[in-house]
**Student:** 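Here it is, the structure in full.
All heavy atoms count here, side chains included; hydrogens, waters and symmetry mates do not. All values reported here derive from a predicted model rather than from experimental measurement. As the structure lists them, so they are numbered: ligands from 1, and atoms in each ligand from 1. This chain uses plain numbering: 1 for the first residue, then up along the sequence.
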Amino acid sequence: MIHITLPDGSVKTFDENVTPMDVAKSISEGLARNVISASFNGTTVETVTPLTTDGSLVLYTWNDTEGKTAFWHSSAHVLAQAIEELYPGAKLTIGPAIENGFYYDVDFGGHSISEKDFKAIEDKMLDIARGKHDFKMRSATKAEALQLYKNNEFKTELIENLEDGTITFCDHSTFTDLCRGGHIPNTGIIKAAKILSVAGAYWRGNENNPQLTRVYGISFPKQKDLTEYLELLEEAKKRDHRKLGKELELFTFSQKVGQGLPLWLPKGAALRERLENFLKAAQKKAGYEMVITPHIGQKELYVTSGHYAKYGADSFQPINTPKDGEEFLLKPMNCPHHCEIYNNAQWSYKDLPKRYAEFGTVYRYEQSGELHGLTRVRGFTQDDAHLFCTPEQLDEEFKNVIDLVLYVFGSLGFENFTAQVSLRDPENPDKYIGSLENWEKAEKAIMSATIDKGLTYTVKTGEAAFYGPKLDFMVKDALGRQWQLGTIQVDYNLPERFDLTYKGSDNELHRPVMIHRAPFGSMERFIAILLEHTAGNFPLWLMPTQAIILSISEKYEKYAEKVLNLLENDEIRALVDHRNETIGKKIREAEMQKHPFMIIIGEQEEKENKITVRKHGGEDLGMISIEDFSKIIKTEINKTLKSF
Ligand SMILES: [Zn+2]
Ligand SMILES: [Zn+2]
């Protein structure tokens with residue numbers, strides 16, 4: 001008899017060689033129908049693997065990440081079989097599950113694959129899937145494995161690097177692949193499959209190696225899931241911040257200036273400025289002081305901070321000056337500069353906390369292949385701040401920072417988020433800098449602040465940085481994609497490295513605790529996420545133009561100007577479309593530009609000293625007075641933008 005512990009802590013007794021599927025059946029038939037993968041004592045196993053020892057078992061369904069991984073890993077086998085049958089002579093290499101779906105890297109020989117081939121591959125996959133073939137693992141000797149792949153130099157290379165005795169195959173239908181395991185029970189569970197794209201990929205990612213074709217696919221247990229996924233992909237394409245950024249004239253890139261260095265156009269710069277002013281106002285109320293530091297610093301500064309060791313070799317190289325041996329670096333982080341600002345004076349415990357904030361631009365050399373619109377760039381501006389406090393103040397400071405982050409999220413329409421708390425691994429105390437006592441204080445402060453603020457949270461033990469615990473906000477956007485925004489990090493390392501001190505009530509010198517925090521993260525990445533989350537329909541308070549004035553003909557231009565002046569007096573951002581175009585065309589283009597309100601002006605409006613208002617999306621507010629329109633705008637703004 002063996003004892004199996006389930007995730008709820010219950011322990012069940014079974015005969016030896018019970019399988020995870022048997023365990024599922026013993027719980028309920030319904031569960032057994034949905035279980036597609038399992039892990040035993042932390043290791044992925046097949047649902048048919050006989051269990052021979054006591055241990056903890058977790059059963060996964062499609063709703064678990066682990067379940068999806070097994071589903072897509074298994075689907076990659078089916079894709080491989082389809083390719084082998086459709087393209088005899090094609091050489092299979094590797095084919096893992098990825099975050100959304102799976103791929104297989106294939107050497108198609110002289111053959112090239114394009115979109116017109118996708119349907120045939122999908123049909124073949126579904127044809128195989130319908131056969132309900134079981135996935136069966138078996139061991140093989142190195143000699144057997146090499147024999148099977150004697151005509152495939154890629155698999156041969158993989159096998160050469162494996163230890164004899166550890167090699168396993170997976171069989172299903174007439175197909176065999178080199179594989180470590182982790183499958184769904186049978187192919188029949190795969191009800192929908194789609195080939196998404198093909199791309200070139202070098203064998204093992206090395207450009208000196210042969211180029212292969214990477215076939216990307218995705219599969220689902222229901223046709224409906226695939227339909228929904230494809231709709232989501234379509235929507236994501238429409239919301240791509242690179243596309244919207246161009247349409248809304250927010251930012252651009254220039255090959256002459258350099259890759260990964262965004263250029264903010266007037267409308268984008270104005271948007272950024274509004275975001276900055278919004279945060280500055282809240283920070284001022286929260287007791288932050290603005291500081292300004294240069295874009296470069298002596299190399300020695302970053303050697304002291306440890307950033308040179310981290311970013312030095314792989315990033316922008318030192319800037320030399322005519323003076324021998326003098327070297328500066330583009331700043332990769334603002335923290336060292338702020339530490340030196342703290343060091344400008346001797347503080348007493350009564351002066352703390354000090355809270356220094358800066359919209360500081362930093363530079364990091366990302367590989368050109370990694371660059372992506374505004375989300376991965378080489379120069380970006382952090383909404384950075386560093387708080388220096390006594391260990392006793394940490395608790396309250398942490399809560400205040402959480403309040404600020406929540407205020408930012410609320411004002412920008414991010415409602416769906418969870419907190420992720422990263423703590424140290426208590427088994428490995430040597431991995432961390434700072435006293436045990438301080439770590440305990442800091443972790444307690446983070447946990448109690450998180451619970452106090454009523455956040456939904458997960459705890460990741462062992463995920464803390466060596467220099468301190470942290471809290472990350474994981475935000476879900478309108479398309480259900482998850483982004484990490486708003487990190488709050490406790491740091492015991494930099495105060496040590498920069499020898500930061502304050503005089504305590506005992507008249508002795510003590511080390512302050514440092515908190516790094518950035519609610520937006522970087523202005524570039526944040527605006528990209530905000531663009532995709534809102535599809536460019538920002539909250540009204542942030543919109544570059546809140547209202548556009550469209551006159552029916554040139555005759556009413558004068559009245560249009562008068563309306564503009566009145567709105568500007570009321571601090572409403574408006575502009576007039578002066579072009580000699582039909583009103584229909586002006587309205588269509590204003591819709592495209594996502595202007596929240598359209599003000600239409602003609603004879604009747606001028607006569608009655610009123611305006612006709614239409615909302616973005618088509619809602620008609622009719623003919624109203626300018627004062628009433630101002631009130632509508634103010635009410636709308638106050639719905640999202642509360643005071644901090
Ligand atoms: Zn496999
Ligand atoms: Zn920092």
Side-chain angles (χ1 to χ4, degrees), residues 36-37 44-49 66 69-81 92-98 102-104 128 133-140 145 155 158 167-173 175-187 189-190 219 288 291 293 297 301-302 304-307 310-311 331-342 354-362 364 380-388 401 465 467-468 470 472 486-495 497-498 500 512-522:
I36 55 174
S37 173
T44 303
V45 291
E46 306 290 303
T47 54
V48 292
T49 303
E66 292 85 349
T69 301
F71 195 91
W72 287 330
H73 167 92
S74 309
S75 301
H77 283 298
V78 177
L79 168 64
Q81 183 183 2
L92 299 165
T93 70
I94 56 157
I98 52 178
F102 51 88
Y103 67 77
Y104 219 110
I128 297 165
H133 308 288
D134 288 342
F135 288 100
K136 286 177 271 187
M137 293 294 293
R138 68 180 154 101
S139 298
K155 293 278 192 195
L158 295 175
I167 299 171
T168 47
F169 281 142
C170 174
D171 300 319
H172 79 269
S173 175
F175 181 77
T176 296
D177 206 344
L178 180 70
C179 175
R180 274 194 293 258
H183 305 97
I184 58 177
N186 67 71
T187 60
I189 302 164
I190 303 166
S219 56
Y288 288 70
V291 295
T293 66
L301 176 72
Y302 307 108
T304 304
S305 69
H307 291 119
K310 191 170 172 211
Y311 295 106
K331 110 176 136 180
M333 295 279 245
N334 301 302
C335 346
H337 295 248
H338 292 187
C339 285
E340 283 306 288
I341 289 182
Y342 179 91
K354 299 302 294 178
R355 307 179 188 93
Y356 298 134
E358 175 177 19
F359 287 90
T361 305
V362 296
R364 295 178 202 163
F380 55 95
T381 303
Q382 295 178 314
D383 56 322
D384 217 355
H386 296 96
L387 290 71
F388 303 88
V401 176
Y467 53 86
K470 66 169 176 170
D472 291 308
T487 296
I488 315 175
Q489 169 93 54
V490 178
D491 187 351
Y492 292 109
N493 179 42
L494 287 184
R497 282 176 173 260
F498 282 90
L500 308 184
V513 188
M514 186 172 174
I515 301 175
H516 311 249
R517 48 104 279 187
F520 295 147
S522 93

**Student:** Quiz question: by atom type and distance under 3.5 Å, do the side chains of His337 and Glu358 form a donor-acceptor pair?
**Tutor:**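 Result is no, nothing qualifies.
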
**Student:** Of all N, O or S atoms in His77, identify the one at the shortest distance from the Zn ion (ligand 1).
**Tutor:**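 Considering only N, O and S atoms, His77 comes nearest to the Zn ion (ligand 1) through NE2.
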
**Student:** May I ask you to check if any N/O/S atom from His73 comes under 2.8 Å of the Zn ion (ligand 1)?
**Tutor:**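 Yes, His73 qualifies, because one of its backbone or side-chain N, O or S atoms lies under 2.8 Å.
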
**Student:** Could you tell me whether the side chain of Arg138 and the main chain of Phe169 form a donor-acceptor pair under 3.5 Å?
**Tutor:**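 The answer is no, because no donor-acceptor pair under 3.5 Å joins these two groups.
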
**Student:** Which residue in the set Lys155, Gln81, His172 passes side chain to side chain donor-acceptor pair (under 3.5 Å) when paired with Asp177?
**Tutor:**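 Result: among Lys155, Gln81, His172, Lys155 is the only option passing the side chain to side chain donor-acceptor pair (under 3.5 Å) with Asp177.
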
**Student:** What's the shortest heavy-atom distance between His183 and Ser74, and which atoms?
**Tutor:**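 Of all heavy-atom pairs spanning His183 and Ser74, the closest is CA-OG, 3.3 Å.
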
**Student:** Can any side-chain N or O of Thr168 pair as donor or acceptor with the backbone N or O of Cys179 at less than 3.5 Å?
**Tutor:**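 Between the backbone of Cys179 and the side chain of Thr168 there is a qualifying donor-acceptor contact (under 3.5 Å).
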
**Student:** Considering only N, O or S atoms, which atom of His183 is nearest to the Zn ion (ligand 1)?
**Tutor:**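 Looking at His183, the N, O or S atom with the least distance to the Zn ion (ligand 1) is NE2.
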
**Student:** Confirm or rule out an N/O/S atom of Cys335, from backbone or side chain, lying less than 2.8 Å from the Zn ion (ligand 2).
**Tutor:**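 Of the N, O and S atoms in Cys335, at least one lies under 2.8 Å from the Zn ion (ligand 2), which means yes.
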
**Student:** Which N, O or S atom name in His516 marks its closest approach to the Zn ion (ligand 2)?
**Tutor:**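 This turns out to be ND1.
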
